[in-house]
Amino acid sequence: QVQLEESGGGLVQPGGSLRLSCTASESIARFYVLAWYRQAPEKQREWVASVGSTGSANYESYLDSVKGRFTVSRDNAKNTAYLQMNSLVPEDTAVYYCNGIQFTPGRVEIWGQGTQVTVSS
């Protein structure tokens with residue numbers, strides 16, 4: 001089955017930036033919706049951002065706390081989705097997961113293994 005793998009996490013100072021990547025082992029175009037979730041210690045996993053099949057702004061959605069700071073996109077030719085994170089704050093510290101959902105021929109949801117993002121001085 002197709003797998004998703006995140007990369008690009010690391011340690012950054014508050015106000016810094018990171019670009020996360022999510023690469024599919026097979027065509028990522030199958031996923032009608034690509035989303036990013038995160039899970040901080042002692043907290044439940046929460047949705048962060050989603051991008052539809054076109055990758056345009058009209059199909060992007062964001063958690064209120066990351067609006068204006070994060071940008072989600074996808075490049076089907078590279079089988080990769082991205083999460084550009086700017087103006088990072090300590091509250092952004094979490095393991096970030098890539099999520100893909102396909103609806104044809106049936107609904108299937110795939111999760112990546114996660115990549116650690118730590119925002120600290």
Side-chain angles (χ1 to χ4, degrees):
Q1 186 177 34
V2 62
Q3 296 182 327
L4 299 174
E5 183 175 6
E6 303 91 340
S7 62
L11 174 64
V12 297
Q13 296 184 354
S17 299
L18 281 176
R19 186 195 191 197
L20 305 184
S21 297
C22 172
T23 301
S25 60
E26 300 175 17
S27 176
I28 204 170
R30 72 182 67 202
F31 298 116
Y32 190 79
V33 177
L34 262 297
W36 288 91
Y37 289 74
R38 67 186 182 186
Q39 186 167 18
E42 303 178 353
K43 293 184 178 180
Q44 291 187 299
R45 187 173 301 185
E46 66 177 349
W47 168 82
V48 176
S50 298
V51 60
S53 60
T54 68
S56 67
N58 291 334
Y59 300 94
E60 298 174 359
S61 298
Y62 299 94
L63 177 68
D64 284 345
S65 63
V66 307
K67 287 181 179 178
R69 300 190 297 118
F70 289 13
T71 302
V72 63
S73 62
R74 63 190 293 176
D75 187 338
N76 289 346
K78 296 182 178 180
N79 291 329
T80 302
Y82 305 95
L83 183 67
Q84 178 66 48
M85 306 185 295
N86 299 324
S87 302
L88 287 163
V89 295
E91 291 74 20
D92 295 320
T93 296
V95 176
Y96 283 72
Y97 298 90
C98 180
N99 169 267
I101 300 176
Q102 70 174 47
F103 295 103
T104 302
R107 189 183 189 280
V108 178
E109 187 172 10
I110 304 296
W111 291 90
Q113 64 185 26
T115 185
Q116 177 71 48
V117 172
T118 302
V119 185
S120 176
S121 298

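The structure displayed is predicted, hence computed values, not measured ones.
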Any donor-acceptor pair under 3.5 Å from Thr93 side chain to Val119 backbone = yes
Minimum heavy-atom separation for Leu4 to Cys98, with atom names?
-> CD1-SG, 3.9 Å
Decide yes or no for Arg69 and Met85: does some side-chain heavy atom of the first lie under 4.5 Å from some side-chain heavy atom of the second?
-> no
May I ask you to test the Ser27-Asn76 pair for a side-chain heavy-atom distance under 4.5 Å?
-> no
Gly100 and Phe31 have their tightest heavy-atom pair at C-CD2, 3.3 Å
Indicate yes or no for a side-chain donor-acceptor contact from Arg30 to the backbone of Val2 under 3.5 Å, with no hydrogens or angles considered.
-> no
Given side chain to side chain contact (heavy atoms under 4.5 Å, CB included), test Val66 with Arg38 step by step and report yes or no.
-> CA-CA 12 Å; Val66 307; Arg38 67 186 182 186; 4.0 Å; yes
For the side chain of Thr115 and the backbone of Gly9, is there at least one donor-acceptor N/O pair under 3.5 Å apart?
-> yes
Val108 vs Gln1 side-chain heavy atoms within contact, under 4.5 Å | yes
Are Tyr96 and Leu18 co-members of a hydrophobic cluster defined by side-chain heavy atoms under 4.5 Å apart?
-> yes
Find the distance between NZ (Lys78) and OG1 (Thr23) and round it off to the nearest 0.5 Å.
-> 10.0 Å
Going by heavy atoms in the side chains, are Ser17 and Gln84 under 4.5 Å from each other?
-> yes
Whether Glu6 side chain and Gly114 backbone form a donor-acceptor pair below 3.5 Å = yes
Check the hydrophobic clustering (I, L, V, M, F, W, Y; side-chain heavy atoms under 4.5 Å; chains of links allowed) and say if Val48 and Ile110 are grouped together.
-> yes
Do Val72 and Leu34 touch side chain to side chain, with heavy atoms closer than 4.5 Å?
-> no
Distance-only polar pair, side chains of Glu60 and Tyr62, donor-acceptor under 3.5 Å = yes
Classify the angle between the aromatic ring planes of Tyr97 and Trp111 as parallel (below 30°), tilted (30 to 60°) or perpendicular (above 60°).
-> perpendicular
Joint cluster assignment, Trp47 & Val51, ILVMFWY side-chain distance < 4.5 Å | yes
For side chain to side chain contact (heavy atoms under 4.5 Å, CB included), just list the numbers for Leu63 and Glu46, CA-CA rounded to whole Å, side-chain angles, deciding distance to a tenth of an Å, and then say yes or no.
-> CA-CA 9 Å; Leu63 177 68; Glu46 66 177 349; 4.0 Å; yes
Say you draw a straight line from CZ of Arg19 to OG1 of Thr71; how long is it, rounded to the nearest 0.5 Å?
-> 11.0 Å
Between Ala49 and Leu83, which heavy-atom pair has the shortest distance, and what is it?
-> CB-CD1, 4.3 Å
Could you give the distance from SG (Cys22) to CG (Asn99), rounded to the nearest 0.5 Å?
-> 8.5 Å
Beyond-backbone contact of Leu11 with Ser120, side-chain heavy atoms, under 4.5 angstrom = yes
Given side chains that start at C-beta, do those of Val95 and Tyr37 come closer than 4.5 Å, heavy atoms only?
-> no
